[in-house]
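Remarks on the structure that follows.
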Amino acid sequence: MSVQNQSSAVSRWKGIIAGILGAGFFGFIPVFSKPVLAAGVSPTCLLFYRFAIASLIIAIMSGVRRESISLPRNCWKCMSLIAVLYCFSGGFLVWGFNFMSGGVTEVLHFTYPVWVMLILLVFFKEKIRVSSAIAIIIAIVGIYCLGVLGGSDAFMPGANRVAGVVIVVASGLACGSYIVAINKSNAHTLSSMRLSYWMLTLSACIFLVVSLVSGTFELITDVYLLGNLVGLALVATVLSNVFQVYSIKFIGSTQAAILGAVEPATGVVMCIILFDEVLNAPIVAGIALIFTAVMIVVTRNK
């Protein structure tokens with residue numbers, strides 16, 4: 001194997017590992033979000049704190065590493081679009097927690113690999129690998145087991161199930177859109193830290209304005225709630241985004257999205273452990289199928 005091929009193989013493996021880690025950290029979103037929402041904090045206010053704290057953490061990390069986070073002029077338009085899509089993804093996902101359990105919300109959110117594949121196919125005329133299509137089908141069957149067969153008791157009492165499903169699937173569409181936008185725009189040339197910083201900073205500004213205009217902004221001083229917000233920012237935002245962006249840059253949008261199957265599996269397991277949510281045979285089968293999809297991506301890129 002030539003030096004160039006060895007380097008390419010190492011980079012792809014780094015991308016795969018980063019994708020799995022990033023998705024796993026994303027799975028902690030309901031763990032830190034649900035206690036804050038249960039305390040009466042609005043979703044828009046929660047998301048402002050989440051993104052603002054996360055951008056501050058990245059700024060500190062970049063300062064320690066002496067890495068510039070300035071944004072080139074030719075990237076402002078694409079970063080603004082990415083931030084808006086990211087806001088829709090995060091906003092609809094958190095809104096979904098009002099309709100159903102955290103685990104099932106995470107599972108339905110995982111429609112985004114399908115949207116990534118369709119966007120690339122329709123708008124960019126890209127060919128989809130057979131292995132990627134098979135992995136997505138297996139992952140969707142796993143999602144069906146988790147969210148439908150295993151989640152019949154997971155909707156909140158009196159919640160509009162149709163509205164809840166539409167909202168969370170819309171979060172998946174927005175997620176898939178910003179993943180493709182990162183891969184297909186000038187933002188692709190930015191470092192993971194710089195891209196993540198501006199995506200989170202612009203998102204924080206958007207949710208600050210929305211929460212102020214809607215009158216839902218509030219200063220949070222409770223130590224327990226602040227602890228959850230810091231955990232949400234560090235684990236489920238900074239680490240997850242940096243790893244995901246790194247993964248997208250090295251293995252592409254479709255395969256990074258498929259590796260995101262780890263996210264709903266992590267979310268379901270953590271919600272079962274911490275919030276006593278339902279564990280049954282369909283949920284176990286769904287998690288197994290999702291990891292099968294992940295293994296197809298890993299072995300296909302050996």
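Numbers for residues simply follow the sequence, beginning at 1.
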Do [X] and [Y] land in one hydrophobic cluster if side-chain heavy atoms of ILVMFWY residues count as linked below 4.5 Å?
{"X": "V36", "Y": "L56", "answer": "no"}
{"X": "V213", "Y": "L46", "answer": "no"}
{"X": "F123", "Y": "Y178", "answer": "yes"}
{"X": "I53", "Y": "V64", "answer": "no"}
{"X": "L85", "Y": "V209", "answer": "no"}

Would you call [X] and [Y] a side-chain contact if the rule is heavy atoms closer than 4.5 Å?
{"X": "S62", "Y": "Y197", "answer": "no"}
{"X": "L190", "Y": "P72", "answer": "yes"}
{"X": "F207", "Y": "F217", "answer": "no"}
{"X": "M193", "Y": "I69", "answer": "no"}
{"X": "S177", "Y": "I119", "answer": "yes"}
{"X": "L195", "Y": "M79", "answer": "yes"}

Measuring from atom [atom1] of [X] to atom [atom2] of [Y], what distance do you get when rounded to the nearest 0.5 angstrom?
{"X": "N183", "Y": "I251", "atom1": "CG", "atom2": "CD1", "result": "10.5 Å"}
{"X": "S55", "Y": "I60", "atom1": "OG", "atom2": "CD1", "result": "9.5 Å"}
{"X": "L212", "Y": "C45", "atom1": "CG", "atom2": "SG", "result": "9.0 Å"}
{"X": "L229", "Y": "L47", "atom1": "CG", "atom2": "CG", "result": "10.0 Å"}
{"X": "L37", "Y": "F97", "atom1": "CG", "atom2": "CZ", "result": "7.5 Å"}
{"X": "L71", "Y": "M199", "atom1": "CG", "atom2": "CE", "result": "12.5 Å"}

- Task: Can you label the angle between the F28 ring and the F25 ring as parallel, tilted or perpendicular, going by 30° and 60°?
- Result: tilted
- Please work out whether the ring planes of W198 and W76 are parallel, tilted or perpendicular, with thresholds of 30° and 60°. perpendicular
Shortest non-hydrogen separation from [X] to [Y] and the atoms involved:
{"X": "G15", "Y": "Y246", "result": "N-CE2, 4.3 Å"}
{"X": "V238", "Y": "A54", "result": "CG2-O, 3.5 Å"}
{"X": "C78", "Y": "A187", "result": "SG-N, 3.7 Å"}
{"X": "V180", "Y": "F124", "result": "CG1-CE1, 3.6 Å"}

- Task: Mark yes or no for whether S171, through its side chain, and V168, through its backbone, hold a donor-acceptor pair below 3.5 Å.
- Result: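 Indeed, once roles are kept as given, a pair shorter than 3.5 Å links the two residues.
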- Just by distance, do the side chain of T189 and the backbone of N186 share a donor-acceptor pair under 3.5 Å? yes
- Message: Does anything in residues 225-240 form a side-chain hydrogen bond (donor to acceptor under 3.5 Å, both in side chains)? List the pairs, not counting sequence neighbours.
- Response: R50-T237
- Worked verdict on F48 versus T44 for side-chain contact (heavy atoms from CB on, under 4.5 Å): CA-CA 6 Å; F48 160 70; T44 53; over 6 Å; no
